[in-house]
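Here's the structure we're looking at; comments come further down.
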Amino acid sequence: MSAEAADREAATSSRPCTPPQTSWFEFLLEESLLEKHLRKPCPDPAPVQLIVQFLEQASKPSVNEQNQVQPPPDNKRNRILKLLALKVAAHLKWDLDILEKSLSVPVLNMLLNELLCISKVPPGTKHVDMDLATLPPTTAMAILLYNRWAIRTIVQSSFPVKQAKPGPPQLSVLNQMQQEKELTENILKVLKEQASDSILVLEAALKLNKDLYVHTMRTLDLLAVEPGMVNGETESSTAGLKIRTEEMQCQVCYDLGAAYFQQGSTNSAVYENAREKFFRTKELIAEIGSLSLHCTIDEKRLAGYCQACDVLVPSDSTSQQLTSYSQVHICLRSDNYQDVVKIFIEDNLTFSLPVQFRQSVLRELFQKAQQGNEALDEICFKVCACNTVRDILEGRAISVQFNQLFLRPNKEKIDFLLEVCSRSINLEKASDSLKGNMAAFLKNVCLGLEDLQYVFMISSHELFITLLKDEERKLLVDQMRKRSPRVNLCIKPVTSFYDIPASASVNIGQLEHQLILSVDPWRIRQILIELHGMTSERQFWTVSNKWEVPSVYSGVILGIKDSLTRDLVYILMAKGLHCSTVKTLSTCLLCSHFNVMMLIPTVFFFGFLDIPLRQVIAEECVAFMLNWRENEYLTLQVPAFLLQNNPYVKLGQLLAATCKELPGPKESRRTAKDLWEVVVQICSVSSQHKRGNDGRVSLIKQRESTLGIMYRSELLSFIKKLREPLVLTIILSLFVKLHNVREDIVNDITAEHISIWPSSIPKAQAGGAAEGHCGLNLLLSTQEVIIPNSSQKRPCLFFHLLCLMIGNSLLLFSTLATNQYSAALHYYLQAGAVCSDFFNKAVPPDVYTDQVIKRMIKCCSLLNCHTQVAILCQFLREIDYKTAFKSLQEQNSHDAMDSYYDYIWDVTILEYLTYLHHKRGETDKRQIAIKAIGQTELNASNPEEVLQLAAQRRKKKFLQAMAKLYF
């Protein structure tokens with residue numbers, strides 16, 4: 001052996017290897033293997049998996065010589081497999097909690113029926129007709145196990161179950177799941193029909209006074225060796241696992257209680273039986289203790305059942321021992337809401353009720369109050385106050401409900417709140433954290449009150465004086481003197497200037513001082529509302545002599561009739577101009593300044609001719625109106641002065657008019673012609689020539705023409721602000737037409753509404769045609785901006801338009817190179833990926849139309865990717881077999897060829913591939929094609945839904961593979 005080989009072997013042998021999983025048939029070959037396997041700390045497969053495997057193999061049907069399906073034969077192999085499954089369950093001590101959690105209903109039903117069979121229970125005999133006292137202990141225990149499982153399964157089926165998230169749909173898996181679901185429903189139907197018999201059997205079991213035994217691995221082995229000798233031994237005290245009478249009764253009482261409780265929803269009288277069984281279970285648990293191996297009961301769930309029964313069927317003998325939870329329910333059922341408040345206040349000291357329960361009670365009261373019971377409004381506040389104090393003591397935030405109910409405080413509410421706070425804390429025993437939480441809450445309540453009378457009620461209360469030191473109280477008073485009126489954030493946003501009530505307790509001089517200092521537009525608005533609520537005689541825009549606005553603006557602003565609007569607009573504009581001058585713009589004021597600029601177009605922007613209009617404002621306003629489809633305003637109400645002097649207004653007016661008249665007759669295309677001429681001027685170039693010494697004229701430089709109403713960069717900036725689909729479509733079709741009129745173009749690009757544009761360019765602007773592609777490239781350069789911003793509303797439309805635009809511009813230029821075909825495919829795939837969650841959903845048909853698919857086919861063909869061409873031919877509404885067959889005949893394909901066969905779902909194409917490879921002698925590729933065509937989901941006999949699902953899955957995988965290739 002060479003040194004390299006030795007090194008390889010040493011490296012391989014040093015790797016840790018996972019031991020192979022033991023197969024089910026190995027337990028048939030070696031009897032002792034099962035016990036060894038189950039003794040392992042983490043056996044693989046797990047015990048419950050072994051039960052499934054053993055029973056699955058034992059219940060497999062057989063096929064006779066005539067290919068007829070026969071039931072599983074009763075041979076030695078199947079009997080041993082069933083016995084092995086029972087031995088594994090015996091190893092688990094027949095714990096129904098474990099078995100129910102890990103095994104399905106059909107499997108567990110089969111297992112327990114085998115237990116009945118091996119325990120000598122006569123088949124077909126009703127269990128209710130059998131006397132448990134006279135039966136062998138193992139037989140009686142097997143009957144109890146089966147009937148306990150029966151009623152537990154019925155109870156469990158009544159609970160809502162969260163559906164498991166389905167994985168990738170596979171026909172075989174779906175069929176198996178459907179069969180198991182139908183089998184489970186049939187078993188449940190039988191169990192529900194026999195539910196009354198199962199309850200009678202379990203009730204009879206409670207009268208037994210003898211211990212029972214359940215089969216162990218040892219007794220099952222004895223049964224397998226000599227069935228006749230075992231009967232006597234299983235009845236003796238030495239065979240099987242002993243189950244004490246108290247343990248059996250405890251488990252049976254719990255299961256019966258759960259069954260009665262489930263039946264109580266239709267028969268309330270049964271709740272009494274459930275209560276009796278649950279309380280008997282508690283007594284038996286106390287007798288047995290926690291050392292029981294067989295009796296496994298969820299004591300928390302049992303406690304919940306007991307509490308529920310106390311509420312549903314309260315007992316007179318235990319009325320003094322009712323829990324707070326039960327007392328609240330009794331009070332709610334009797335409409336005794338004042339006692340509910342008392343219980344909640346007492347609970348603030350003990351913290352016995354869960355917070356979620358208290359919140360649910362409050363929600364229930366809110367619902368009743370909203371249904372018209374006005375008397376509950378006061379109760380809702382009291383319960384909410386109790387819950388808020390509980391939250392405060394435990395360090396949680398104040399709830400939104402409390403803030404809403406405390407918006408309009410009064411003497412009664414504050415008195416009750418102080419009472420709750422006083423009764424919810426024991427100052428002698430309370431910790432420092434509880435005292436601190438309560439003190440902070442009272443301070444916050446004071447700071448939130450505007451009426452000083454209510455503040456005095458709290459600050460003079462004994463609890464407030466006890467919890468806060470003198471220094472803290474003085475500091476609080478100083479804070480309240482210096483504080484400014486606040487905007488209440490708990491109410492809904494105001495929609496007019498007059499929604500917020502004025503505060504009469506604040507001096508006008510203080511408000512004017514705050515008005516001068518504030519730079520928060522919402523605070524300024526609040527102050528002005530309060531000032532106008534106090535007096536309507538003052539003009540508050542004159543408060544400061546430093547508020548200066550240019551005269552051309554001030555004349556219009558001061559002409560506004562509404563005094564509040566006049567003051568607000570003047571002050572915000574003055575503060576905004578001041579901040580711009582000193583370059584200390586805060587974010588909120590900058591937004592305010594801009595919002596005012598956006599607000600005033602409808603007030604005076606377009607209505608007065610003597611105002612100098614800033615270009616940035618004009619651009620924003622025109623783009624805003626186009627995006628909001630204000631075409632009527634832009635076409636009919638814009639003054640002629642602005643049309644003549646502002647390029648953005650002119651361009652916006654032409655775009656709005658074109659959109660408005662788009663569906664009209666040919667005579668209405670005059671505005672489209674005007675827009676065409678304006679854009680052609682912007683895209684035109686001027687050439688500078690120079691005559692040489694030899695007399696020849698040479699071109700020195702081309703530059704943008706100055707004849708347009710704006711520069712290209714300004715047009716680009718304006719387009720970036722547009723979001724309206726129709727406006728973008730108009731601009732797109734204009735540039736496509738501008739590109740098509742060039743004389744050196746061989747193939748035209750298609751676009752929507754392209755017929756509305758002139759078919760030629762005036763000679764004076766012929767340079768625009770020469771640079772038509774510059775205009776198109778100008779628009780293409782905005783894709784990074786248009787796509788993310790526009791896709792929020794209609795992603796399919798925007799990406800469809802941009803995809804066609806980019807794909808055509810790259811595909812149909814006369815000097816198109818190979819890498820341009822790749823780029824075109826890149827954008828076609830990008831368009832589909834964005835509107836289909838990266839092809840995890842079907843691409844909308846208005847994106848991948850037949851025209852688009854044919855262009856993608858042409859790109860792939862010119863890239864020599866002929867297998868991709870054949871697959872794309874399937875995407876057409878009518879499969880283009882001629883193109884597909886022709887492309888598959890090409891032997892110089894530059895794509896993955898046979899690796900793409902898994903993406904073909906059309907059987908005709910796969911059959912042609914098989915024939916083609918056979919004809920060429922390409923055996924390996926022929927086998928790949930045969931494997932692809934042999935998939936069951938492509939069978940022509942399948943339902944149409946299955947065939948469609950197979951096609952969609954292959955489309956998804958193919959497009960994702962193409963995206964990885966071209967992205």
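Open room surrounds CG on Asp924; 12 or fewer heavy atoms of other groups in view lie less than 6.0 Å from it. In this structure, Tyr915 places its OH atom where only 12 or fewer heavy-atom neighbours from other residues, nucleotides or ligands lie under 6.0 Å away. The neighbour count for His918 NE2, taken as heavy atoms of other residues, nucleotides or ligands under 6.0 Å away, does not exceed 12.
A side-chain N or O of Gln889 and one of Tyr912 form a donor-acceptor pair less than 3.5 Å apart. Checked by atom type, the side-chain pair Glu944/Gln948 shows a donor-acceptor distance below 3.5 Å.
A 4.5 Å side-chain heavy-atom check between Tyr903 and Leu959 finds every atom pair outside the cut-off. Side-chain contact between Asp906 and Leu938: absent, with no pair of heavy atoms (C-beta onward) separated by less than 4.5 Å. Put simply, the side chain of Trp757 reaches to within 4.5 Å of the side chain of Leu734, judged on heavy atoms. Between Asp850 and Arg877, the closest side-chain pair of non-hydrogen atoms falls below 4.5 Å.
Atoms CG and CD1, from Leu862 and Ile857 in turn, are 12.0 Å apart once rounded to the nearest 0.5 Å.
Taking the side-chain contact (heavy atoms from CB on, under 4.5 Å) definition, one finds that Glu922 meets it with His917, Arg920, Lys925, sequence neighbours left out. Under the side-chain contact (heavy atoms from CB on, under 4.5 Å) criterion, Thr184 pairs with Val105, Pro106, Glu180, Leu188, sequence neighbours left out.
Taking the six-membered ring wherever Trp is involved, the centroid distance between the rings of Trp905 and Tyr900 does not fall below 6.0 Å.
With Phe839 as the aromatic partner, Lys955 does not meet the cation-pi criteria of under 6.0 angstrom to the ring centre and within 45 degrees of the ring axis.
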